[in-house]
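Notes follow the structure.
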There are 2 protein chains.
Amino acid sequence: MTIYEVAKRAGVSIATVSRTLRGTGPVAAKTREKVLKAVEELNFTPSRLGVSLAEGRHAANGIVFPTLGGPYYAEVLLGYEEVASELGRSVLILSAKGGSNVREAVKELAGRVDGLVVFGRTVPGDVVAELAGMPLVFISCGPMAGADTLRCENVESARVLAGHLRGHGYRRFAFLGAPHTPGDDISERWEGVESVLGGAVRPVPTAEYTVEGGYEAARKLLRKKSRPRALICSGDEVALGALLAAEEYGLAVPEDLAVTGWDDIMAARHARPALTTIRQPMRELGAQAARVLDELITRPRPERHRTLPTQLVVRSSCGIHPQEDP
Amino acid sequence: MTIYEVAKRAGVSIATVSRTLRGTGPVAAKTREKVLKAVEELNFTPSRLGVSLAEGRHAANGIVFPTLGGPYYAEVLLGYEEVASELGRSVLILSAKGGSNVREAVKELAGRVDGLVVFGRTVPGDVVAELAGMPLVFISCGPMAGADTLRCENVESARVLAGHLRGHGYRRFAFLGAPHTPGDDISERWEGVESVLGGAVRPVPTAEYTVEGGYEAARKLLRKKSRPRALICSGDEVALGALLAAEEYGLAVPEDLAVTGWDDIMAARHARPALTTIRQPMRELGAQAARVLDELITRPRPERHRTLPTQLVVRSSCGIHPQEDP
DNA sequence: TTGAAAGCGTTACCAA
DNA sequence: TTGGTAACGCTTTCAA
């Protein structure tokens with residue numbers, strides 16, 4: 001089913017069919033009738049490949065995740081898809097998974113879209129270099145040359161959180177889920193926390209930023225008698241794992257041990273004690289990324305770097321303030 | 001940058017360049033050298049549009065969600081992307097969101113892929129009809145004519161759950177988050193529960209299958225003195241909402257009120273009391289869907305309908321069995 | 001107001 | 001072993 005068959009049936013040229021369907025150029029009312037009738041009868045839909053080839057654009061854009069695991073990325077995708085969809089662009093996704101063939105996969109993806117949103121540090125630098133020229137937005141990533149970036153605020157909110165915890169009177173802290181790669185979100189969180197707490201806090205790495213990772217690291221930490229009074233976790237999932245470990249050791253949270261998270265994923269609200277955490281506007285991050293990318297595609301402009309505000313959400317896992325007691 | 005420029009630079013024809021790059025047909029070692037050198041120097045990548053047009057396939061497939069909200073769909077997507085990626089297919093996603101333009105969006109998507117996975121009842125019947133001929137897999141959806149289907153088992157596990165609860169000695173039940181649309185997962189769950197509990201259980205609808213929806217419905221229900229002894233919720237999020245309502249009314253779970261969920265999302269494990277629920281192999285559902293779709297695309301065959309097994313996960317929200325007491 | 005034809009970038013068949 | 005060329009399905013310019 002091609003435009004030729006429609007044209008033949010309607011007794012016009014393919015050019016006229018195209019004009020009729022796209023509303024570009026003039027078409028006599030009578031001719032339009034005939035064409036639409038033929039389109040209807042043949043149930044014709046223009047080939048996307050043909051359209052893209054002729055238009056010189058895909059009307060689609062992609063997004064590259066480090067992984068699709070965990071609630072964090074799902075929220076970002078939700079915001080992204082919604083806006084991209086509104087803007088009339090299809091959405092292609094790719095999960096890097098630390099897989100070996102990321103290079104190929106990213107290049108393949110790039111060939112199918114007009115622009116790409118990439119989570120910070122998921123794609124090797126040289127691959128990024130090959131993508132130069134294509135509209136690119138890095139998210140969850142600090143300002144860098146050569147592309148727009150978009151992230152959630154980390155340092156300042158980390159300071160607020162640390163200050164809040166010190167207000168509870170705690171003196172010894174651990175930062176659970178310490179940074180592996182410099183420059184990412186986690187690093188900034190650590191930076192902010194340390195700037196307030198100084199020597200009172202020490203970084204404790206986890207194998208992964210997951211419940212399992214948090215659990216294992218917390219077990220080791222809580223076993224010792226010289227355990228910290230408060231666990232500042234670099235992510236909610238890590239904090240959830242820490243909660244599990246505390247429970248196992250019979251430590252009451254927050255009475256014996258304070259625990260805080262980051263991101264405000266769904267489970268943070270439903271855990272008991274409910275997690276004090278920093279809410280990131282994840283959906284908004286995705287939505288903004290889609291908008292910025294669309295701008296970039298529509299008309300190139302100098303790069304811009306934006307930071308979205310975050311918010312401390314105080315629940316019960318961090319401690320009870322005197323004025324909160326009845 | 002097209003294949004013509006490469007050919008010119010290498011001093012060969014475009015046919016030879018194509019053969020060299022795809023490894024189809026014979027190419028003299030020396031010629032191959034020249035071509036690869038030119039490709040390297042020009043940093044040539046074949047246009048995906050051109051390839052697809054000539055090959056007559058997209059090497060991509062799509063998946064249509066009712067919504068991207070909630071942890072359930074994220075898991076399915078994870079499994080789907082992983083397998084599709086392995087099979088060398090790009091992934092396009094679409095969230096129907098109950099939006100008005102689903103029709104257009106689905107048809108647009110269909111034009112970009114070789115096959116589609118669709119969550120049951122997200123796409124209007126007549127749109128599905130227009131898709132006939134395209135490989136299609138419906139998931140989370142019972143057997144139907146005209147396409148493969150894939151779902152998680154519901155009825156039998158519902159019976160197991162209901163039996164378990166009756167074993168706790170409860171007599172009055174409510175099924176929270178009762179079905180709105182016949183034939184979907186929720187309906188099957190209700191069917192199974194009712195087949196065991198009969199008149200002892202009554203269906204209570206929620207505005208949505210969300211925490212909020214569960215919370216609101218549970219509040220109304222628990223306000224009355226003739227409240228049920230156990231709440232069988234049709235989804236974990238609804239159950240989480242019910243837990244919130246119970247807490248608000250000072251009802252201890254499971255001592256005063258038993259609550260169960262469905263799906264085993266992450267928050268189910270971390271809620272306190274931890275949710276008794278039915279685990280669905282969501283990731284596996286997505287992965288299988290990708291595989292089935294690939295089969296269908298590769299070589300058409302008679303439709304097939306499969307059901308994945310589920311599993312009752314007993315945690316603490318459903319009640320304490322005597323033998324579990326120390 | 002309409003149509004002819006030139007792209008757009010490949011693949012693959014058929015000759016040479 | 002290589003090259004010429006039709007085919008894939010559309011958009012758009014230019015003439016008529």
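In what follows, chains are A, B, ... by sequence order, proteins preceding strands, each numbered from 1.
Glu33(A) has no carboxylate O lying under 4.0 Å from a charged side-chain N of Lys37(A), or vice versa, which leaves the two without a salt bridge.
The distance from atom NZ of Lys8(A) to atom P of dG9(D) is 14 Å, rounded to the nearest whole Å. Straight-line distance from the CZ atom of Arg32(B) to the C1' atom of dT1(D): 13 Å, rounded to whole Å.
No donor-acceptor pair under 3.5 Å is formed between the side chain of Glu153(B) and the backbone N or O of Thr307(B). A distance-only check finds no donor-acceptor pair linking the side chain of Tyr80(B) to the backbone of Leu285(B) [under 3.5 Å].
Relative to the axis of its first five pairs, the axis of the last five pairs of the helix from dT1(C)-dA16(D) to dA16(C)-dT1(D) sits at 40°, rounded to 10 degrees.
Ring geometry for Tyr73(A) against Phe65(A) counts as perpendicular: the plane angle is over 60°, on a 0 to 90° scale with 30° as the lower cut.
Minimum heavy-atom separation, Arg151(B) to Pro143(B): NH2-CD, 3.5 Å.
For Ser13(B) and dG4(D), the shortest distance from a side-chain N or O to OP1 or OP2 is not below 4.0 Å.
With Asp148(A) as the fixed residue, the salt bridge (Lys or Arg N to Asp or Glu O under 4.0 Å) test singles out one of Arg306(A), Arg291(A), Arg301(A): Arg301(A). Looking at Glu86(B), Glu82(B), Glu81(B) one by one, the single match for salt bridge (Lys or Arg N to Asp or Glu O under 4.0 Å) with Lys97(A) turns out to be Glu81(B).
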Reading nucleotides 8-16 of chain C from 5' to 3' and marking B where a protein heavy atom lies under 4.0 Å of the base, S where only the sugar-phosphate is that close, and - otherwise, the string is BBBBBB---
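Atom-to-atom distance recorded for Asp114(B):CG and Ile297(B):CD1 is 5.0 Å, nearest 0.5 angstrom.
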